[in-house]
Every structure is written in C-alpha cells, then in structure tokens.
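Reminder, nothing fancy here: chain letters follow the sequence lines and each chain counts from 1.
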Amino acid sequence: MAQIKNRLTPFFENISFDREDNELILNFGPQHPSAHGQLRLMLHLQQEMITKAHPDIGYLHRGMEKMAENMIYNEFMPTTDRMDYIASSSNNYGFALAVEKLIGLEVPRRAKVIRMMLLEINRLMSHLFWLATTALDIGAMTVFLFAFREREYLMDILEGYCGARLTHAAIRIGGVPLDIQDDFIVQLRNFLDKLPQNIKDYEDLLDTNRIWLMRMEEVGVIPTDMALSWGCTGPMLRASGVAWDIRKEEPYELYDEVEFNVPFSDKGDNFARYRIYMEEMRESAKILYQTIEMYEKCVINNETELMAHAPKYISAPKLDIMTQNYSLMQHFVLVTQGMRPPVGEVYVATESPKGELGFYINSQGGPYPYRLKLRAPSFWHTGILTDLLPGHYIPDVVAIIGTTNIVFGEVDR
Amino acid sequence: MAQHKVNYTQDGGLPVALTSIDKIVNWGRSNSLWALTYGLACCGIEMMASGASRFDFDRYGTIFRASPRQADLMIVAGTLTKKHAEFIKRLYDQMTEPRWVISMGSCANTGGMFNTYATVQGVDRVIPVDLYLPGCAPRPETLQYGVMLLQKKIRANKAGNAQKAKRLM
Amino acid sequence: MRAYKPKDDVQAKAYYTDRYYVAPQVPKSDVSEDAVFAADLEAIQAKFEVKEAYIQVEQMVVYINAHDIYGVLKFMRDELSYTQLSEMSAIDWLAKDDTFEIFYQMLSMTKRKRIRIKYFINNGEAVDSVEKLFRCADWSEREMFDMFGIQANNHPFMKRILMPYDWQGNPLLKTYPLEGDEFAAWYEVDKIYGKEARDVIGPEIRDTARVDRYDSERFARLGHEVPKGTEITGDEPANPQEYQEEGGVFLIKKYTKESSKIIDDPQR
C-alpha cells in the first residue's frame with residue numbers, strides 16, 4: 001500500500017516572534033507533561049512576562065452530558081467515574097445524591113456512614129495526588145514518590161471494597177451496594193495512624209525549602225472578588241479568604257454530626273493553597289476517625305440496611321430478588337427500562353476535593369434525563385488562568401496550573 | 001503480535017555475525033524503551049502510578065520522557081478525542097524510528113464506553129498500534145506486562161528490518 | 001415497515017410506556033414558606049417582572065423576561081448578596097415549542113441559599129451576556145454557544161470552546177445523534193489524511209458487541225494472532241503469552257517464583 005501523506009501543516013504561531021512589537025506567542029500543550037492533562041495555553045510573551053493568556057480546552061471532551069441524555073440513570077453512574085478520575089467516588093456520590101433528591105429518597109444510616117468514608121478516602125487520595133504532581137512539576141521528585149506511596153495504601157483499601165483502583169463506581173442511587181470488607185477498618189486505622197507522620201514528612205521537605213517557597217509565595221495571587229467572579233470553589237476559594245465549605249454550610253449526609261474545621265487563608269497565593277490542601281488532609285483524617293466510630297455504632301445497633309427501600313425506583317435486596325416473584329419482576333423492569341423519576345428539576349452541589357461539584361438534572365418523567373448539566377469546579381479553575389496568568393513569568397505558569405488542581409476529565413467532561 | 005519463540009542459532013542460514021548484531025541491538029532497544037508521557041485521561045494516572053514508587057517502572061529501563069524526539073515508545077493512555085487526534089499524529093511523526101505504540105485502555109483501543117460524537121473510535125484510526133491493553137483503566141501490572149510483551153516482540157524482530165507498517169502507511 | 005422515529009428528537013426513548021402512566025411531579029411549594037426566599041422575591045418583583053416563582057427541592061426557581069437578565073443578576077449580586085454564578089446553561093425545547101430555556105444557578109454565601117433564574121428565548125434569538133458581572137459566564141456562554149448554537153450579545157470572544165473551531169453542528173441539540181453525524185464520523189480522517197483516505201481507513205466501528213473473526217489485529221483472536229492480511233484458516237497455532245523467553249535473554253535471568261521474595265501485606 002502506498003504511503004498516505006498527512007495534511008497537517010506546521011503551526012506558525014510558535015515561530016511568529018519576529019514581529020515589530022517583539023511579542024512571542026508560545027504554544028503550551030495540548031500535551032504538556034505538567035499541564036495536568038490536555039490543556040492548551042496560548043501565551044503572549046513580552047520577554048519572559050506573560051501579557052495575555054488564552055487557555056484552550058476541549059481536548060478531552062467526550063460528550064458526557066450527551067451520553068447522560070441517552071442512558072438510564074443507573075447506567076450513567078460508571079461514566080461519572082471518568083469525570084474527576086482522581087477521586088471518582090465523589091462524582092458517583094454527587095450524581096447519586098442529585099437523583100435521590102429528585103425522587104425524594106432517604107438513605108439508610110449505615111450506607112451514609114460508608115459513603116462518608118469513601119468520600120473522605122477519595123479526598124485524601126485526591127489531595128495526595130495533587131501534592132505529588134505539583135511537587136513533581138516544581139521539581140521535588142521525592143515528594144512525588146512519597147505521596148504516591150501513601151496513595152497506593154488507600155487504593156488498596158478501596159480496591160478491597162469495590163474491586164477497582166481508579167474508577168470505583170462504588171456508590172449506587174439509594175445507598176451503597178456492599179458493606180465494607182472485614183479488614184477495612186483495621187487497614188484504615190493503620191493508615192490513619194501513620195498519616196500525621198507522613199504529612200509531617202512532606203512538610204519537612206517543603207515548608208522551609210527555599211526553592212519551594214520562591215515558586216509558591218506571592219505567586220498566583222487570586223483576590224477574593226476575582227475568585228468569586230470566576231466561580232471558584234473549594235480550596236481555591238478558601239485560599240482567597242472565603243471560608244466556604246459545602247460540607248459545613250449546607251451539610252449533606254452526616255457531615256453535621258462530625259467535628260471538623262474548615263481551613264482558610266486570606267493570602268490567595270500558591271503557598272496558601274498548598275497549606276490548605278495539607279490542612280484538609282488532616283481534617284479528612286479527623287472525619288475518618290469519627291466515621292469509624294459511627295460505623296461501629298451502626299454495627300452495635302444492628303442497622304444493616306444498605307439500600308433505601310423504594311420499590312418504584314430501587315431494586316430490592318439480592319435475597320428478595322432471588323426468592324420473591326414480585327421483587328424479581330421489579331428488578332427486571334428497573335434494569336431493562338430504568339427508573340422513572342418524577343417530573344421536575346434539581347440542582348445539587350457537593351464538596352468534591354476540587355470544589356463544588358454540582359449536578360443539574362431535568363427530568364421529564366422518562367427513564368432518561370431530559371437534560372443533565374455537570375457543574376465541574378475545574379472548568380472555572382481553568383478559566384481563571386485567563387485573568388491570573390498575565391503579569392507572571394513563564395516558570396510560574398507550571399506552579400500556578402499545579403496549585404489550581406485541575407483535572408481534565410472534569411473540565412471538558 | 002508476532003509471538004513465535006526466537007531461536008537465534010537457526011535463523012535461515014544467515015551468518016552468525018549478523019544474528020549477534022540483531023541480538024545485541026534488540027537487547028539494547030528492548031531494555032531501554034523510553035516512553036513519551038502521553039497521559040490523556042484516567043489511564044494516564046495509572047501510567048503515572050506505574051512510574052511511581054510502588055510499581056517502579058525504571059526496572060524495565062522504561063523512563064518517561066517529555067519530548068517525542070527522545071522517546072521511542074508512545075503509551076497512548078486515555079481517551080483520544082477528535083479535537084486531539086491531529087496532535088497525536090504530529091507527535092507520532094516527531095518520534096524517531098524505530099518507534100512503538102501501546103494503546104492503553106479501552107478508550108484508546110476502541111473508544112470504549114465513550115461511544116459518542118467526540119471520541120475517536122480507536123487510536124489505530126490515526127496511528128499504527130503494536131499492542132492493545134484491555135481494561136478501564138488497566139492496572140499498572142497490566143501495563144508492565146504489556147511492556148514485557150512488547151520487549152519480547154522487539155527481540156523477535158530483525159534489527160535491520162524496517163518497521164513493519166500495519167496500517168495507514 | 002420501518003419504525004417511525006421523530007426527526008426533531010433523536011435521543012434514546014423509552015421503548016415501552018404504559019398507556020395510563022402519569023408521571024408524578026417533584027413537589028413545588030409556595031415561596032412564602034421560606035422567609036429568606038420570600039424577601040428576595042419581593043425585592044426582585046419590585047424592580048422586574050416575575051412570571052412565575054416557586055420552591056423546588058430547597059431552591060427557589062424564578063422565571064423572568066429574557067431582556068431583564070442583566071439587570072436581575074446585577075441587582076441580585078449587588079443588593080441581595082448572590083455573589084456567585086455557579087452554573088448556567090440551556091435546555092433544548094425545540095421539539096416542543098421551538099424555544100430554549102436558559103437557567104442561571106445563583107449562590108449566596110451569606111444567606112446559604114441558591115436561586116435558579118430562568119427564562120425562555122425563541123430559536124435563533126441571542127441572550128444578553130452577563131460576562132461583565134460574572135467572569136465565569138465568559139466560558140459558560142461559550143460552552144452554550146458551542147453546544148446549542150445560542151449566541152450571547154456583548155460577549156468578548158464568541159468562539160467554540162469544547163469542540164474544535166472547524167466543527168460543524170451543535171452536539172447537545174436534541175436533533176444531534178449521540179454517535180455524531182457524517183461530519184463527526186470522518187472528522188479526524190479528513191483532517192489528518194484527507195477525504196481520499198476514507199476508503200483505506202474505513203468507517204468507524206461503533207457496534208460494541210461486534211467480534212470479527214477475521215480481524216487479526218484486535219481482540220477476536222487473542223492467543224492465535226496472525227499478521228495482518230494473512231489468510232485465516234482457523235487452525236492457527238496457539239501463541240501462549242509468557243512474560244519472558246525460556247531461560248531469559250542476553251544478560252537477563254529468567255524470573256522464578258521460588259527464587260523471589262513475595263510480600264503479601266502491602267501495609268507492612
């Protein structure tokens with residue numbers, strides 16, 4: 001077969017620096033090792049100073065909202081895994097909670113406790129991953145190796161629970177499919193007991209490191225009004241002086257029963273964000289200890305329900321399906337046709353590790369959502385680069401992208 | 001995937017010197033596969049995990065390089081979208097020969113669960129692929145196994161032969 | 001006879017619905033039930049025309065006129081402390097009455113309340129950009145333009161954001177099929193190799209259950225692979241896949257289970 005020539009022409013924006021105003025246009029991405037995914041940045045440079053930044057996204061746009069319109073509700077659950085693939089259970093949870101609010105379900109307490117455990121483990125995993133990759137981008141290889149080591153422990157625990165390392169699909173609409181495995185608590189306790197020392201190790205490496213401080217302090221300062229205007233949420237907003245954590249302010253699940261603090265800073269720079277991630281890991285550990293106690297209380301009180309009881313929407317427990325005719329028929333209809341939530345719409349926001357993860361669902365009474373909008377925090381955390389990068393130098397770009405903690409499965413959806 | 005066992009001493013009556021060169025060149029090539037950091041989506045995280053402390057990819061001589069000009073293995077880890085397809089071709093063309101491609105994960109193999117307008121249905125519509133790894137996402141062990149199979153494939157080939165074109169070329 | 005499929009909505013449909021099935025409603029309650037929402041609604045009503053307002057799932061939904069949107073959001077941001085625009089997008093009602101429904105999800109951090117502002121526009125009309133009020137609307141409106149083709153007036157950079165600039169079609173319209181149209185199917189081939197390569201590369205394989213026994217490159221013949229183009233007779237020798245060649249290769253020893261230490265507990 002004859003060779004087919006491709007039609008791609010070279011990009012000339014990379015070499016158009018020979019203009020009269022001496023402006024260099026630099027193309028960063030879409031495949032850059034420290035862009036945390038497929039971010040493309042067009043940077044207008046005056047010497048080394050960025051004068052204009054133009055982020056170009058969509059290189060990982062896979063059409064999830066369109067998929068949702070063509071899938072029954074339960075079928076969409078594994079797709080949410082692939083949004084923020086660093087912490088997939090938080091996405092599962094956000095979607096499950098939105099549908100539960102839509103149909104007005106109350107989840108059993110034991111399932112709530114297990115869900116909180118999963119959410120906080122995912123938060124820890126996400127923050128550890130953030131620390132690893134950001135440190136690697138800035139040149140701290142040791143922290144990368146340390147943080148991935150701890151992350152693997154957590155992945156082992158979750159793998160024991162749901163069988164997958166990365167894409168868990170561990171939460172169902174109406175509860176959780178399984179009880180936690182026997183050694184879950186033991187392993188989690190082991191991990192949590194070691195975690196403070198691990199976090200201290202990272203901080204010893206970074207907090208007084210001159211290179212780290214120079215790359216982080218006073219770099220990428222986001223003022224409060226800019227953060228609000230760009231729709232920043234999560235650690236990005238808390239670093240800019242607004243102590244807003246949905247877990248605290250609009251508590252869902254059992255977050256109103258646990259004690260934890262919301263760390264925030266009014267500096268708004270990279271270093272503030274770094275400190276907030278580290279403090280949030282400690283707070284997550286605190287929450288996890290309390291959920292372990294809550295779980296043990298559930299065991300003592302003999303609360304064994306894991307799925308809500310709603311025959312119109314949720315399949316009966318496996319034992320009933322296997323033994324009772326009506327449950328089997330119900331299950332068959334729910335699997336083949338899907339549940340039909342009531343007509344209406346709902347927007348539910350949860351605090352994912354990156355920020356406010358919202359699901360807007362418009363249901364017209366059919367088994368498929370009429371419209372599903374995914375509000376992913378990283379989308380606007382990428383958009384803010386437009387206003388944030390001008391005035392910074394080229395080496396700061398990598399540090400700033402690192403601390404915004406963007407994940408492109410979520411940005412492009 | 002050529003999978004026959006290699007018997008270097010009986011190789012079509014070619015001179016012994018030539019087979020030795022084959023052997024030593026293939027030994028060098030297969031044990032220093034420098035991979036391009038081509039993490040596109042979720043599989044990219046598992047690719048990073050296999051490069052990190054627990055799975056330690058450096059044992060195989062696989063070091064991740066950020067520049068396609070320094071790499072001879074492209075691990076396409078993640079969903080290739082139509083918007084990105086052009087760039088994978090550009091980067092593939094920039095890699096020096098001989099070059100190999102591992103398609104990691106269901107999305108890169110066939111489009112996977114993303115049967116939508118925006119996803120390229122298999123990376124082999126754009127560039128030729130040597131090895132397909134199943135899984136969503138494949139575990140780091142799968143990737144390591146895949147690299148071992150690729151090493152075996154490289155050792156089985158003639159070093160002097162031009163790369164066998166599979167598709168599109 | 002071919003089954004009738006509506007052209008104006010090609011998304012998946014329930015294959016069976018009971019004739020007498022009446023879908024239940026998510027309960028709507030009156031705004032007066034919540035003091036904070038009632039006060040907010042009164043303040044908005046004093047200045048702008050409100051068509052409908054109710055509370056659904058703990059959030060207030062307010063329908064306004066399309067031309068009021070900039071004023072309402074400015075009023076809400078400055079006077080009512082709804083300082084964040086969480087999300088905005090459109091809903092496609094073209095099949096029903098040729099309109100789009102636009103929603104803006106607002107958040108007040110001091111009151112801890114969320115309001116959804118909504119309005120309808122006709123097909124082909126543009127919305128007023130609120131990018132001057134909330135910078136995040138810059139990208140949201142671009143996404144809306146990309147996905148629905150709804151233009152925003154006074155927007156600084158009305159270009160596609162998620163799809164490539166040379167893309168054709170608006171993917172989230174109900175008339176756009178999930179698998180994409182003809183243009184989408186050949187986009188990457190046309191762009192990289194040109195139209196004449198379509199025959200060589202072939203159409204996309206979108207049947208997820210398809211197994212081709214003559215496909216020598218994919219998964220159908222795992223363990224019995226043959227080179228591409230080889231005639232497949234059905235009695236190919238098996239190629240068992242091992243980690244290494246027997247006895248190892250040059251300078252590398254074969255790994256055996258006996259000579260290695262196995263760590264069972266990763267949490268050691």
Euclidean distance, [Y] [atom2] relative to [X] [atom1], rounded to 0.5 Å:
X      : Y      : atom1 : atom2 : value
B:N115 : C:I205 : CG    : CD1   : 11.5 Å
B:K82  : C:I192 : NZ    : CD1   : 10.5 Å
B:K83  : C:M163 : NZ    : CE    : 8.0 Å

C:Y176, part contacting chain B, at a heavy-atom distance under 4.5 Å |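 Only the side chain of C:Y176 comes within 4.5 Å of chain B.
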
So which of C:A185, C:P164, C:A184 has the largest heavy-atom pair count under 4.5 angstrom toward chain B?
->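 Max contact count across the listed options: C:P164.
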
Closest approach of C:E188 and B:V126, non-hydrogen atoms and distance?
->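 It is CG-CG2, 4.1 Å.
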
Are side-chain heavy atoms of B:K89 and C:Y193 found at a separation under 4.5 Å?
->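 Result yes, sub-4.5 Å side-chain heavy-atom pair found.
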
Could you look at B:T119 and say if it's the side chain, the backbone, both or neither that has a heavy atom under 4.5 Å from chain C?
->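 Backbone of B:T119 only, per the 4.5 Å heavy-atom cut-off to chain C.
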
